[in-house]
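All ligand and atom numbering here is 1-based and tracks the order in the structure.
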Amino acid sequence: MVEADPGHGSAPDPTVEEIFDAVAATAPRIRDALPGRRVESGTENPSGETVMAGDVYADELLAEALGDVDGVGSFVSEERAEALDVGGTVGDDAYAVAIDPLDGSSNLRSNNAMGTVVGVYDAPLPAPGRDLVAAGYVLYGPITTMVVADESGVREEVVERDDDAANGVSRSVVIDDLALPDEPTVYGFGGRVPDWPDAFREYAREIEGELKLRYGGAMVGDVNQVVTYGGVFAYPALVDAPDGKLRLQFEANPIAYVIERTGGSSSDGSDSILDVDPEGLHDRVPLYVGNDGPIERLEAALD
Ligand code: AHM
Ligand code: MG
């Protein structure tokens, strides 16, 4: 294990603190770089998706910043085929950090929300979400916020450029015990309705009659709606893509970890996302997260 083990009543894990310091420090720089990077880079990522110039920039900046953190042994990104060895032995004296550098980057063209997703694992990747010691995300909305979850709970911070600060940013905690509201209010489901399996379509019809639609096409933005108002987010299994779209290591596990720490549930359709055993770094998985009630009903509907 790396130095102090995070947990209830224990001191914050200094490596985890440094990791989120490094992520926060990149946030204004990523934001500032986006206006000139709303175009395709000309390459595809390991999932076969078009990579935008903004994805490449964010990936390189985060690799450099996280590679400099003592206690980070491996940098693994949605945009890279292989893990980058940055020193130390993962699972012994170092963590593996999995990143989706610019989640929702198809929103660059339409100028809508995007995010950066972070998972801190105490095991070489691929690993199940049970090996996460912390996870979180940056949301580039009208305000830059960062949500950080570890064993002790979940907090939301505002991240601002601060030229007087050593790392160039100030972090202000706005909510230090982020908890999912008891009552679900909003929902957002990805994929085309005709591509949804019948059981999910029937479930969605029920939810549509109860909750308000909030879908922006960036998981981080859509999940943050659920974290804020309560509800359910899904990128479901599709008829022709039974594993859905989102990647287990970089997207589903960190988001499931955050949602479970806020008091909600995650599911791959039958069990917690955190219990899914990965086979490869870029495995996809159907993702369903939110309040316990809608997730229990979802699992019953897909059973
Ligand atoms: P990305 O990481 O390449 O941006 O892809 C993931 C994004 C998620 O943020 C979002 O939930 C999903 O893709 C939206 O997909 P679609 O545009 O197919 O609805
Ligand atoms: Mg993504």
Side-chain angles (χ1 to χ4, degrees), residues 23 30 34 37-60 62 76-81 97-119 125 129 135-141 147 186-197 200-201 204 213-227 231-259 266-268 273 281-290:
V23 171
I30 290 174
L34 295 181
R37 292 180 172 79
R38 300 170 72 185
V39 293
E40 294 178 3
S41 68
T43 58
E44 282 190 353
N45 70 14
S47 301
E49 299 164 340
T50 300
V51 174
M52 303 292 286
D55 291 311
V56 175
Y57 183 85
D59 173 70
E60 286 173 358
L62 285 157
V76 195
S77 163
E78 187 178 297
E79 310 302 349
R80 293 171 189 252
V97 181
I99 296 282
D100 180 355
L102 202 52
D103 176 62
S105 57
S106 67
N107 279 355
L108 270 170
R109 286 181 60 200
S110 59
N111 186 25
N112 278 282
M114 281 164 286
T116 294
V117 189
V118 184
L125 301 189
Y137 55 81
V138 174
L139 173 54
Y140 308 102
V147 167
V186 300
Y187 76 97
F189 298 154
R192 288 177 353 123
V193 177
D195 297 332
W196 291 348
F200 184 76
R201 200 177 314 153
L213 172 62
R214 292 287 174 90
Y215 190 74
M219 177 191 66
V220 165
D222 296 326
V223 164
N224 204 58
Q225 297 261 15
V226 170
V227 167
V232 54
F233 168 83
Y235 205 104
L238 305 177
V239 171
D240 292 332
D243 293 330
K245 173 177 184 188
L246 301 176
R247 270 79 18 153
L248 180 64
Q249 302 293 296
F250 314 104
E251 293 165 318
N253 271 339
I255 290 302
Y257 183 95
V258 170
I259 291 284
S266 77
S267 181
D268 66 348
I273 285 286
L281 272 184
H282 296 274
D283 282 7
R284 300 177 193 264
V285 70
L287 174 67
Y288 311 88
V289 288

CD1-CG distance between Ile255 and Asn224, expressed to the nearest 0.5 angstrom: 9.0 Å
Do Tyr140 and Thr116 have a side chain donor and acceptor closer than 3.5 Å? yes
Once you round to the nearest 0.5 Å, how far does OG of Ser110 lie from CZ of Arg38? 8.0 Å
Parallel, tilted or perpendicular: which fits the ring planes of Phe200 and Tyr288, with parallel below 30° and perpendicular above 60°? tilted
Indicate yes or no for a side-chain donor-acceptor contact from Asp268 to the backbone of Pro286 under 3.5 Å, with no hydrogens or angles considered. no
What's the atom name of the N, O or S in Glu251 nearest to the Mg ion (ligand 2)? OE2
Considering only N, O or S atoms, which atom of Asp103 is nearest to the Mg ion (ligand 2)? OD1
Test: Arg284 and Glu49 ion pair at under 4.0 Å: yes
Could you identify the N, O or S atom of Asp100 positioned closest to the Mg ion (ligand 2)? OD2
What does the N/O contact table under 3.5 Å look like for ligand 1?
| from | atom 1 | to | atom 2 | distance (Å) |
| --- | --- | --- | --- | --- |
| ligand 1 | 2 (O) | Glu78 | OE2 | 3.0 |
| ligand 1 | 2 (O) | Asp100 | OD2 | 3.1 |
| ligand 1 | 2 (O) | Asp103 | OD1 | 3.4 |
| ligand 1 | 2 (O) | Glu251 | OE2 | 3.1 |
| ligand 1 | 3 (O) | Glu49 | OE1 | 3.4 |
| ligand 1 | 4 (O) | Gly104 | N | 2.6 |
| ligand 1 | 4 (O) | Ser105 | N | 3.2 |
| ligand 1 | 9 (O) | Asp103 | OD1 | 2.9 |
| ligand 1 | 9 (O) | Asp103 | OD2 | 3.1 |
| ligand 1 | 9 (O) | Met219 | N | 2.6 |
| ligand 1 | 11 (O) | Met219 | N | 3.4 |
| ligand 1 | 13 (O) | Lys245 | NZ | 2.9 |
| ligand 1 | 15 (O) | Lys245 | NZ | 3.1 |
| ligand 1 | 18 (O) | Tyr235 | OH | 3.1 |
| ligand 1 | 19 (O) | Tyr215 | OH | 3.1 |

Side-chain donor-acceptor pair present, Asp103, Tyr137, cut-off under 3.5 Å: no
